[in-house]
Every structure is written in structure tokens, then in C-alpha cells.
Amino acid sequence: MKIAFVGKGGSGKTTLSSLFIRHLAASGAPVVAVDADINQHLGAALGLEEAEAAALPAMGDRLALIKDFLRGSNPRIASAETMIKTTPPGEGSRLLRVGEDNPLYEACAREVELEGGTVRLMVTGPFTDADLGVACYHSKTGAVELYLNHLVDARDEYVVVDMTAGSDSFASGMFTRFDITFLVAEPTRKGVSVYRQYKEYARDFGVVLRVVGNKVQGQDDLDFLRAEVGDDLLVTVGHSDWVRAMEKGRPPRFELLEDANRRALRTLQVAADATHELRDWQRYTQQMVHFHLKNAASWGNERTGADLAAQVDPGFVLGEGATAPA
């Protein structure tokens with residue numbers, strides 16, 4: 001299952017995504033965690049020391065390797081240089097599985113021991129001074145989009161992506177790549193403003209959007225969120241001494257997380273698992289193609305000097321039955 005955590009800066013989305021990742025790891029499920037935020041804090045939230053987190057291999061720095069591997073023997077893609085972030089797979093492309101070993105994971109992922117399990121952690125890499133004036137952060141998150149476009153995931157395995165804050169997620173089609181999107185919102189006007197943007201943008205794409213109320217301190221906060229987001233409100237989370245200790249770098253054992261917050265994490269997993277029955281690989285592939293053609297026409301063809309519409313394989317549908325070259 002592919003799961004996104006979104007929200008405005010400071011909403012607590014990285015903290016909540018890290019708690020959810022810990023919850024899944026404790027259950028023994030296969031998990032890939034991806035930090036796609038411009039502020040790279042997921043590694044630290046998962047318990048890595050600052051130096052360890054800084055040493056994680058950046059997907060954005062390995063785009064050439066990622067493209068070359070995913071292109072495989074697809075005859076519609078002339079070269080890795082003509083691949084853009086939205087390039088869809090086709091016959092001959094290499095497809096990815098959550099639990100397999102492959103050169104992409106070897107180059108871009110690191111295993112993190114967590115709550116008795118092991119999580120694969122990947123990061124886009126931070127926006128740096130060197131990027132100013134010459135690059136856009138979305139070129140780095142493009143590595144994540146390519147990964148998701150070529151991923152064939154199944155029930156009871158999870159890819160959890162901590163997305164960039166605010167509405168930047170709509171700079172490409174990546175917001176349609178998920179089975180469910182958890183929008184973390186505080187009980188304030190600013191807190192629900194991103195929800196309204198997401199709801200409006202995602203309306204025509206079948207995006208499953210549920211709101212997680214964070215920093216909820218009482219009935220008044222709960223009533224406010226219910227009035228603002230209605231039935232999209234899935235669960236709320238309040239103060240946590242466990243999280244406070246974690247943020248100080250001294251997390252207690254995960255089983256000591258407050259009962260109410262443990263129940264909230266189970267609610268998130270149940271909601272994510274329920275979306276498996278809604279999966280429509282045909283629509284998923286069509287949306288992939290839609291955004292690729294849109295990007296090709298607006299900037300991709302000019303940037304690469306190629307007709308990127310020709311990369312679309314009209315007979316290919318990504319899905320659990322899709323095959324890839326050895």
C-alpha cells in the first residue's frame with residue numbers, strides 16, 4: 001500500500017509519519033519509508049543520529065542511475081537522458097517490488113532497525129545553496145515519482161512517503177500515486193487551509209483523502225475540525241509525552257506510547273488496508289500517462305529535444321500481474 005503524509009509546515013506530519021512507520025515495523029510488515037520533504041527530518045524522527053541522517057544517499061543525486069535502471073530494455077525510451085519525472089513504464093521497463101533486492105535499493109536505500117523490524121529508508125536529499133538559481137526541488141522529488149511509477153506493491157506491504165509541505169505536492173502528478181493520503185491538520189484556520197487546497201485539487205482524480213487532527217486538546221478543537229473537514233476527519237491525536245521524549249533524542253520503548261495514540265495508529269493502518277479493495281490499476285496507469293503528456297507538452301519535449309509522448313506504451317497497464325525483464 002502506498003501512503004502519503006501531507007500538511008502545512010509545522011503540522012506534525014513528519015512526527016506522525018514516523019510513528020506510523022514505527023507501528024508498521026513493530027507489526028513485522030515490509031516497509032519502505034521515503035523522505036520527500038524539502039526539510040529532511042524523517043531520518044532523525046526514526047532515531048538516526050544527525051551524522052547518520054546526513055550520510056543517507058540522496059535519490060536526487062542518483063537520478064541518472066535510477067533512470068538507467070528503470071528504463072531497462074523499453075524500446076520507447078531512447079535513453080535515460082530523455083526520461084523525465086513522469087515517464088511511465090512500458091514493455092521492457094524494470095518494475096520494482098517492496099521487498100526485493102535490486103540496484104536501486106542498493107544505491108538509494110539504507111536499512112534501519114526499528115521496533116524489532118527493519119525498514120528501508122530513502123531520502124530525496126535536501127535543497128542546498130548549490131541548487132539556488134540552477135535547479136528546482138521538484139527535480140529531486142522527481143526521483144520519488146519515478147520510483148512510485150514503476151512500483152508494483154501488494155497488500156500488507158507499505159510504502160510511506162513524508163511529502164513536502166503545503167500544496168507543492170501538486171507540481172506534478174505525484175499526489176495521485178497513493179492509495180491513501182493522510183492530511184495532518186491542526187485545529188486552526190491555517191491548519192485546515194491546506195486541506196481545502198488538497199480537496200479541491202484532488203477532486204477529479206479519485207484521491208482518497210483522510211484528515212488526521214493533530215495537537216487536539218479538547219472538545220472545542222474537535223468540534224472545530226469536524227465543522228471544517230466533515231467526514232474526512234479520520235482520527236485525532238493529542239499531547240504525547242512519548243513524542244516529547246523522542247524529540248529530545250531519548251525515545252522510550254515504542255510499546256510505552258500512550259494507548260490513545262496507539263489506537264490512532266491502528267486506525268490509520270485499518271484505513272490504509274481498506275483502500276486495497278478500491279485499487280484500479282487501469283485508472284492508475286491512465287493518470288500516470290495523463291500527467292506525463294501534460295509535462296511533456298509544457299516543458300519536457302523542449303528540455304529533452306524528444307517527443308516524450310512517444311514513450312507511452314498504449315497496451316501496458318501497471319499492476320500486480322505486470323512483468324519486467326530479468
Side-chain angles (χ1 to χ4, degrees), residues 1-8 11-34 42 45-46 98 114-117 119 153-163 175 178-188 191-192 194-195 198-199 202 206-244 246 251-279:
M1 309 303 297
K2 296 181 286 292
I3 301 157
F5 280 80
V6 301
K8 78 173 185 66
S11 64
K13 68 179 180 60
T14 297
T15 297
L16 282 170
S17 62
S18 72
L19 289 175
F20 187 58
I21 290 163
R22 287 177 184 271
H23 166 77
L24 294 173
S27 75
V31 182
V32 176
V34 183
L42 184 58
L46 293 175
V98 169
L114 205 62
E115 316 308 336
V119 170
D153 57 310
R155 185 192 293 272
D156 297 328
E157 54 185 26
Y158 302 88
V159 175
V160 181
V161 182
D162 182 18
M163 298 280 280
F175 73 98
F178 301 99
D179 293 289
I180 191 168
T181 295
F182 293 129
L183 190 145
V184 182
E186 301 167 87
T188 64
V192 298
V194 174
Y195 161 77
Y198 235 95
K199 187 76 170 177
V207 172
V208 179
L209 178 66
R210 304 304 302 272
V211 174
V212 181
N214 194 26
K215 306 177 187 177
V216 174
Q217 297 182 6
Q219 188 64 43
D220 185 64
D221 286 346
L222 180 58
D223 291 343
F224 175 84
L225 285 172
R226 282 176 172 161
E228 295 292 328
V229 308
D231 292 340
D232 286 338
L233 181 63
L234 175 65
V235 71
T236 63
V237 179
H239 174 79
S240 170
D241 290 332
W242 193 98
V243 168
R244 180 64 61 88
M246 179 195 74
R253 299 191 314 276
F254 187 62
E255 58 263 30
L256 297 179
L257 181 70
E258 298 86 355
D259 287 344
N261 292 328
R262 293 176 68 85
R263 288 195 298 271
L265 295 175
R266 286 195 292 271
T267 298
L268 296 185
Q269 185 177 6
V270 169
D273 289 346
T275 62
H276 189 271
E277 303 303 324
L278 305 176
R279 281 192 160 187

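Note that the structure is a prediction, hence the values are computed from the model and not measured.
- Here R263 pairs with nothing under the salt bridge (charged side-chain N to carboxylate O under 4.0 Å, His left out) rule; sequence neighbours left out.
- Taking the side-chain contact (heavy atoms from CB on, under 4.5 Å) definition, one finds that N261 meets it with V237, S240, L257, E258, sequence neighbours left out.
- Shown here are the side-chain contact (heavy atoms from CB on, under 4.5 Å) partners of D162, two or more places apart in sequence or in another chain: K13, T14, S17, D35, D37, L42.
- Applying the side-chain contact (heavy atoms from CB on, under 4.5 Å) criterion to D156, with sequence neighbours excluded, gives Y158.
- With sequence neighbours left out, the side-chain hydrogen bond (donor to acceptor under 3.5 Å, both in side chains) criterion links R155 to H276, E277.
- The salt bridge (Lys or Arg N to Asp or Glu O under 4.0 Å) analysis of residues 208-222, with sequence neighbours excluded, yields the pairs E186-K215.
- Judged as a ring pair (Phe, Tyr, Trp, His ring centres under 6.0 Å), and not counting sequence neighbours, the contacts of F20 are F5.
- For F254, the ring pair (Phe, Tyr, Trp, His ring centres under 6.0 Å) criterion is met by W242, not counting sequence neighbours.
- Residues satisfying the salt bridge (charged side-chain N to carboxylate O under 4.0 Å, His left out) criterion with D153, sequence neighbours excluded, are K2, R279.
- Annotation: side-chain contact (heavy atoms from CB on, under 4.5 Å) contacts of Q219 (sequence neighbours excluded): L222, D223, R226.
- In this view, E115 and R22 satisfy the salt bridge (charged side-chain N to carboxylate O under 4.0 Å, His left out) rule, not counting sequence neighbours.
- Applying the salt bridge (Lys or Arg N to Asp or Glu O under 4.0 Å) definition to pairs two or more places apart or across chains, those involving residues 227-241 are R196-E228, K199-D232.
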